[in-house]
Student: 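Here's a structure for you.
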Protein chains: 2
Amino acid sequence: MDGVLPPRIPVSAVDGRRPRAPVMMDVARLAGVSHQTVSRVVNSHANVRAETRQRVLDAMRELNYQPNSAARTLVTRRSNTIGIVTVDSTLFGPASMVYGVEQAARAAGYFVSVASINTLTQRAVRDAVSRLEEQSVEGIVGVVPHDEAVHALVAVPSGVITVAVGVGSGAAVPFVGVDNVAGAVVATRHLLAQGHRTVHHIGGPVGYPDARERRQGWRRALTEAGAPTPDALTGDWSARSGYDLGRVLAADRAVTAVFCGNDQMALGLLRALFESGRRIPADVSVVGFDDVPEAAYMIPPLSTVKQDFTEMGRLSIDLFVRMLGRPPGSDPVRILLTPTLIPRVSSRSAA
Amino acid sequence: MDGVLPPRIPVSAVDGRRPRAPVMMDVARLAGVSHQTVSRVVNSHANVRAETRQRVLDAMRELNYQPNSAARTLVTRRSNTIGIVTVDSTLFGPASMVYGVEQAARAAGYFVSVASINTLTQRAVRDAVSRLEEQSVEGIVGVVPHDEAVHALVAVPSGVITVAVGVGSGAAVPFVGVDNVAGAVVATRHLLAQGHRTVHHIGGPVGYPDARERRQGWRRALTEAGAPTPDALTGDWSARSGYDLGRVLAADRAVTAVFCGNDQMALGLLRALFESGRRIPADVSVVGFDDVPEAAYMIPPLSTVKQDFTEMGRLSIDLFVRMLGRPPGSDPVRILLTPTLIPRVSSRSAA
DNA sequence: CTGTTAGCGCCTTCAG
DNA sequence: CTGAAGGCGCTAACAG
């Protein structure tokens with residue numbers, strides 16, 4: 001990140017294998033015009049006679065001409081590319097958001113460059129951002145659901161518009177997220193409505209806005225209902241942690257309802273409950289969060305709070321485009337989606 | 001794809017908000033050298049006195065200089081970028097492979113540009129490749145586990161080195177994949193070894209090399225063992241299809257062992273069996289394929305054949321680098337990993 | 001060891 | 001409506 005580039009494979013290794021691609025001048029010659037006119041056609045400028053335009057288009061096709069984006073970027077100072085910084089991109093949520101970003105970015109005429117990080121440190125995020133900047137990206141979409149990472153994101157030099165997605169609802173950058181509090185409230189109330197005295201919670205790890213907000217919502221719903229608030233358990237989003245913590249809950253006969261911070265942990269919990277002989281939902285009701293594709297096929301089908309990750313990714317590009325049109329210092333726009341409860345068997349009333 | 005670029009947000013919208021970044025010349029002036037010397041430092045050339053080099057480095061740091069990759073690409077004709085074409089990138093396998101590719105590409109000094117497609121047609125792949133070429137990528141990694149898509153990939157103009165990953169073991173491009181046949185054989189034999197008369201199969205959809213090869217392996221193992229070969233059922237990789245087909249199998253008391261083409265379908269199958277009251281593994285044994293993180297937490301823990309997707313992604317970059325060093329017409333290199341059986345409860349001997 | 005010169009392919013500005 | 005000139009930021013080739 002100090003400007004010194006890493007060593008690279010020598011040019012000689014690639015040289016010669018690449019037949020020089022046709023350039024604008026080649027097209028111009030073939031069409032009998034100047035390269036400038038070709039440029040106009042390529043960029044859909046007005047002021048080109050229809051017939052000339054056609055000749056140029058024919059020439060382009062014949063030569064299989066492809067504009068050189070490096071040259072274009074150099075002179076316009078517009079790279080036409082958006083960068084994505086992502087963590088945990090193998091998980092369904094992040095992967096879906098990245099997918100949504102990519103689709104929308106393409107539709108908006110942008111290339112997409114990704115930089116994934118594997119440690120959740122500010123430094124890692126800064127490095128990723130730095131690499132993206134080196135490519136002169138015009139915007140950065142952060143799919144980084146962690147406080148540290150978001151903090152690093154707000155520190156991005158102002159030349160690049162930065163938006164975040166799936167980072168809770170309190171970020172200091174423009175973002176699109178889901179209303180975690182509302183989602184957790186709905187889930188908890190739903191459980192309470194089945195007649196449970198209270199609802200336990202297995203939440204995500206410290207430092208994750210999503211985890212914090214869901215815990216908040218859960219606690220709020222309990223308080224509002226006048227139900228006792230048990231200690232929340234803290235997992236790490238994995239099925240393993242859901243299982244481990246689930247064994248603790250399963251051992252406690254007072255536990256009759258559990259709201260999990262995500263579906264993976266709920267999966268682990270379901271197994272822990274199953275193994276200890278507790279019937280679901282007869283003895284214990286469970287609700288997850290996310291609605292991963294597998295949720296409907298767990299044993300039993302998992303009630304959960306659905307969020308549309310792909311759509312969120314798409315919206316982040318809308319957001320980016322919107323920020324593009326705003327004067328530099330203006331307030332960050334926020335888009336907050338409301339998640340929906342998907343009731344399935346795991347929380348069905350025992351009655 | 002005809003060379004005419006899509007209309008873009010007017011430059012005026014972004015102009016002015018970007019403080020002109022320092023260029024090489026600025027660094028040179030501050031360090032009191034020519035811009036060429038700066039270039040030498042940036043590219044780690046020899047022939048720069050240590051002291052001069054340090055002055056330049058200091059100047060770079062002070063100005064927070066970042067090399068402009070567009071300019072660099074323009075003159076070197078090397079974009080330093082690798083493109084990824086991907087389908088179904090929200091699923092664990094593809095997402096992990098993409099992740100592996102990104103990590104390794106970065107380590108090798110490359111930027112990564114992604115183009116995901118949502119329909120498995122040759123045309124979609126061609127378009128994606130075309131977009132990537134427009135960015136002058138030096139290589140393309142295809143994460144496209146389908147025949148049509150692979151075919152489209154081999155047709156990529158020879159200027160760009162193309163490799164594939166996770167596309168079975170018969171592709172006509174250099175690839176890294178897993179030995180599906182071996183994996184399926186191991187899984188099937190394992191089931192047979194538990195004393196089952198034969199093994200049923202729920203496979204992936206037509207047109208997927210992975211599905212085809214696993215089915216082959218399954219059939220081969222049965223034949224070699226002299227076991228009867230039931231008709232294979234064909235799903236679509238989803239838990240839903242596993243469930244639907246699983247209900248059919250569950251209804252047949254002769255079914256005592258099932259090998260599934262992937263873990264999602266196995267999940268659906270587990271539920272279908274559970275619902276029909278068949279105990280696992282006492283009545284029916286099940287083995288999946290992939291070893292997704294959730295496999296160990298299903299009910300019961302799913303035996304499966306593990307493949308290391310991330311590693312495969314990484315290896316595809318090794319492969320790319322290796323192809324770079326070979327003369328143009330040379331034979332495509334293939335890397336085939338051997339998957340490992342992970343026996344868990346779902347296939348434990350009833351004895 | 002360091003500086004100078006000449007483009008890379010394209011777009012912007014200004015002429016015609 | 002079309003063409004000519006100039007330069008984007010950088011690196012390769014050659015001087016010195």
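The analysis underlying the following values was restricted to heavy atoms, covering all of them including side chains, and did not include hydrogens, waters or symmetry mates. Here the structure is a predicted model, which is why all the values come from computation and not from measurement. Residue numbers begin at 1 in each chain, while the letters A, B, ... track the order of the sequences.
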Student: When you measure only distances, ignoring hydrogens and angles, does the side chain of Gln36(A) come within 3.5 Å of the base of dT12(C) through a donor and an acceptor?
Tutor: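 By the distance-only test, yes, there is a pair.
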Student: Rounding to a whole Å, what distance do you find between His35(A):NE2 and dA4(D):P?
Tutor: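 Rounded to whole Å, this separation is 8 Å.
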Student: Output all residues satisfying salt bridge (Lys or Arg N to Asp or Glu O under 4.0 Å) with Glu148(B), sequence neighbours left out; order by chain, then residue number.
Tutor: none
Student: From the list dC1(C), dG3(C), dT12(C), which nucleotide is the closest neighbour of the side chain of Arg49(B)?
Tutor: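 Nearest nucleotide to the side chain: dC1(C).
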Student: With sequence neighbours left out, what residues match Asp147(B) under salt bridge (Lys or Arg N to Asp or Glu O under 4.0 Å)?
Tutor: Arg212(B)
Student: Using the C1' atoms of five pairs at each end, what's the angle between the two axes of the helix from dC1(C)-dG16(D) to dG16(C)-dC1(D), to 10 degrees?
Tutor: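 Helix axis angle between the two ends: 40°.
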Student: Among all residues two or more places apart in sequence or in another chain, which pass the ring-ring contact (aromatic ring centres under 6.0 Å, His included) test with His146(A)?
Tutor: Tyr208(A)
Student: Determine whether any donor atom in the side chain of Arg77(A) lies under 3.5 Å from an acceptor atom in the base of dG9(D), or the reverse, and answer yes or no.
Tutor: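 A donor-acceptor contact between them is absent.
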Student: Which part of the nucleic acid, if any, lies within reach of Thr73(A) when heavy atoms closer than 4.0 Å are counted: base, sugar-phosphate only, or nothing?
Tutor: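 Contact class for Thr73(A): none.
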Student: Residues in salt bridge (Lys or Arg N to Asp or Glu O under 4.0 Å) with Arg334(A), at least two apart?
Tutor: none
Student: Tell me what Ser34(B) touches on the nucleic acid: a base, only sugar-phosphate, or nothing, going by heavy atoms under 4.0 Å.
Tutor: base
Student: What pairs of residues pass the ring-ring contact (aromatic ring centres under 6.0 Å, His included) test when at least one of them lies in residues 111-142 of chain B, not counting sequence neighbours?
Tutor: none
Student: Toward the 5' end of DNA chain C, which comes first, Ala50(B) or Val75(A), by nearest nucleotide?
Tutor: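 Final value for this comparison: Ala50(B).
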Student: Could you please name the option among dC10(C), dT2(C), dC10(D) that lies closest to any side-chain atom of Arg40(B)?
Tutor: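 Within the option list, the nearest is dT2(C).
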